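When reading the values below, keep in mind they use all heavy atoms of this one structure, side chains included, and skip hydrogens, waters and symmetry mates. What you see is a predicted model, and the numbers here were worked out from it, not measured in a lab.
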Amino acid sequence: MPLLSEMDRNSAIALLNQLVTVGVDFKLDDQVTRKRLAPAEIRDLLVTDLPERSTGVPSVVQELVETVLPMCNNEASPRFLGFGHTGADVAALAGGLLALFAQQNLINQSFAAPSATFTEIAVIRWLRDLIGFTNPAVTDVKTVWDVGGVTTYGGTGSNTTAMMLARENIAPGTMHEGVTDATRNIVVPAGIGHYSVKSALEWIGCGGRVIEVPTKGYRYDRTALDRTLRDRQGEIMSVVAYTGDSRTHTVEDLRAVHDITRSIDPQIWLHADACWGLMCAFTPELGHKLAGIEDFDSITVDPHKVMDIPYAMSALLVRDPASLRLVSSYSDLIMQEDFAFGQVTPFIGTKEWSSIKLWAMMRAHGRRGLADLMRRRLITTRTFTGLVDDNPHLLRLNDPDMTAVVFMYLPTSHDPLHPDIERINTISKAIHARILDEGRWHFHQFSLPDDTGRIQQGATLHPLRFMGNNGRIAESHMRDALAYVTGLGRALEQQ
């Protein structure tokens with residue numbers, strides 16, 4: 001039964017229904033993972049020669065369910081506390097299933113994605129509206145260049161397209177003529193920038209010319225930003241601001257960054273990475289944090305990070321919809337029709353219908369439902385923050401703007417006046433290694449400058465991070481997880 005046919009309809013439906021049941025049960029499982037093996041063991045188990053004869057679909061499905069899936073991490077588990085990528089919204093899952101079967105290709109509209117193209121346009125307009133960009137009237141949307149955004153498969157792709165726009169804005173025609181002036185730089189906040197923008201510069205031929213500006217409290221030091229822009233005037237093509245950086249999720253003072261940049265050089269392309277910050281647009285409790293973002297030239301948002309939809313969907317939104325002409329390309333394989341998204345999606349050829357997951361999710365929840373979703377996350381985050389603050393063995397390093405809480409275990413011998421940074425980091429990294437090895441819980445870990453001076457100003461720390469995005473997390477899970485972390489820390493101190 002390798003292909004669908006009328007003869008095999010019932011058995012195909014039964015098999016796929018079985019997988020839906022397995023998938024739902026996987027999402028609802030409390031365990032982070034059912035089976036943990038070392039990477040080499042997984043390699044030896046799964047990296048095999050291609051069989052000479054057909055294995056048969058039922059056997060393949062059985063192998064997926066019994067061998068592969070038990071070793072997968074379940075980010076929808078209430079014990080998975082380090083991210084928010086649950087992919088558990090039922091409407092989004094339904095949209096994703098439909099997309100798999102419908103097999104639409106948004107590179108062309110007329111014959112490849114007749115209706116899918118317009119659900120994608122609707123989604124982009126909804127995101128623009130939430131973030132504060134102005135949409136033209138529906139009747140004025142006559143081409144893809146009137147839409148004001150494109151979807152990609154992740155924030156890295158969206159940020160790369162934004163850097164292409166910045167390059168073309170400062171040096172029109174570079175896309176077609178090649179890079180002739182490689183002195184263009186971008187400005188990012190030091191220590192908290194995302195790797196994608198530097199990689200983007202390298203991919204688009206500008207070299208990794210990143211100027212890091214010092215920060216205060218995980219935001220730009222405004223005096224340093226002003227000085228940098230003046231000292232390097234004429235050399236900068238873009239300033240990048242993080243509406244929720246990838247570590248502490250601190251939201252930049254967007255209005256201040258805009259005003260400083262525009263007062264010095266109005267030609268600089270302003271880009272906001274709001275992959276996480278999109279969640280601020282859902283509710284008035286956080287909406288004020290986005291003040292000024294509507295004046296940025298481009299914004300990256302990642303619905304798969306903050307809206308419970310399955311991987312992968314990001315979007316790049318542009319203030320001036322016509323600016324996408326700067327990176328448009330032409331081919332006789334892409335129909336030169338009004339609504340062919342293939343004309344305005346760099347690096348993407350075949351374009352799957354990933355946006356239908358978000359379309360279904362947003363339609364199902366509506367504005368009020370989205371606001372309620374965010375409020376529940378804020379309650380979870382406030383609860384966890386209080387539990388960390390009440391624990392004498394733990395120290396919180398950030399004041400959460402959204403749902404990320406960054407904290408560290410402090411050894412019993414910790415002296416606030418003379419902190420032993422090496423010992424603190426050694427224990428923290430050992431705690432995280434044990435967490436990963438045992439697989440009972442999950443927190444994220446990364447390097448982070450102590451920008452608030454809560455342990456030692458400027459020191460490089462290796463904290464743990466909690467995120468309150470998972471709707472299945474209860475207070476009991478938070479208490480148990482922190483007791484687990486504290487217990488690991490105490491045990492490691494005695495070694």
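- Heavy atoms only, all atoms of each residue included: T228 and I236 are closest at O-CD1, 4.3 Å.
- Heavy atoms of other residues, nucleotides or ligands lying less than 6.0 angstrom from CZ of R255 number more than 12.
- Between L461 and R454, every side-chain heavy-atom pair lies at or beyond the 4.5 Å cut-off.
- Heavy-atom minimum distance, H304 versus I309: CA-CG1, 3.6 Å.
- Between L127 and L278, the closest side-chain pair of non-hydrogen atoms falls below 4.5 Å.
- Taking the ring centroids of Y311 and H85, they lie under the 6.0 Å cut-off.
- No side-chain donor-acceptor contact under 3.5 Å links K305 to the backbone of S314.
- Between F443 and Y484, the gap from one ring centroid to the other reaches at least 6.0 Å.
- A salt bridge does not link D295 with R262: every distance from a Lys NZ or Arg NE/NH1/NH2 to an Asp or Glu carboxylate oxygen is 4.0 Å or more.
- A side-chain contact (heavy atoms from CB on, under 4.5 Å) with V318 holds for exactly one of V344, V147, V150, L324; it is L324.
- A salt bridge between E294 and R128 is absent, with no side-chain N of the basic residue lying under 4.0 Å from a carboxylate O of the acidic one.
- More than 12 heavy atoms of other residues, nucleotides or ligands lie within 6.0 Å of NZ in K289, so this atom counts as buried by the packing criterion.
- Using modelled atom types, one finds no donor on one side chain facing an acceptor on the other under 3.5 Å when comparing D401 with T250.
- Put simply, the side chain of D297 gets close to the backbone of L270: a donor and an acceptor are under 3.5 Å apart.
- Side chain of N159 to backbone of H271: no donor-acceptor contact under 3.5 angstrom is found.
- With a 4.5 Å cut-off on side-chain heavy atoms, P189 and D245 do not count as touching.
- In this structure the side chain of F384 reaches within 4.5 angstrom of the side chain of L482, judged on heavy atoms.
- Residue-environment remark: CZ (R363) stays at or below the threshold of 12 foreign heavy atoms within 6.0 Å.
- Side-chain contact check for F347 versus T152: every heavy-atom pair is 4.5 Å or farther apart.
- Note that the NE2 atom of H432 and the CD1 atom of I427 stand 16.0 Å from one another [nearest 0.5 Å].
- A side-chain donor-acceptor contact under 3.5 Å links T452 to the backbone of L397.
- Across all non-hydrogen atoms, the minimal contact from G193 to R247 is O-NH1, 3.5 Å.
- When side chains are defined from C-beta on, R465 does not count as touching L448, because their heavy atoms never get closer than 4.5 Å.
- For the pair D221 (side chain) and K216 (backbone), a donor-acceptor distance under 3.5 Å is absent.
- Q445 contributes a side-chain N or O that, together with a main-chain N or O of H462, makes up a donor-acceptor pair within less than 3.5 Å.
- Side-chain contact between L436 and H442: present, with at least one pair of heavy atoms (C-beta onward) separated by less than 4.5 Å.
- Listed for the E285 side chain is no donor-acceptor partner under 3.5 Å among the backbone atoms of T283.
- Proximity of W276 to T403: side-chain heavy atoms (C-beta onward) are nowhere separated by under 4.5 Å.
- When atom types are taken as modelled, the side chain of T33 and the backbone of N74 share no donor-acceptor pair closer than 3.5 angstrom.
- Closest non-hydrogen pair, S77 versus R472, comes out as CA-NH1, 3.8 Å.
- Of the candidates I260, I186, L229, L229 is the only one forming a side-chain contact (heavy atoms from CB on, under 4.5 Å) with V239.
- Between the S158 side chain and the T300 main chain, no donor and acceptor come within less than 3.5 Å of each other.
- Ring pair H258/F296 is tilted by interplanar angle, where 30° to 60° counts as tilted.
- When atom types are taken as modelled, the side chain of D451 and the backbone of G217 share a donor-acceptor pair closer than 3.5 angstrom.
- Ring planes of F83 and H444: tilted class, angle from 30 to 60°.
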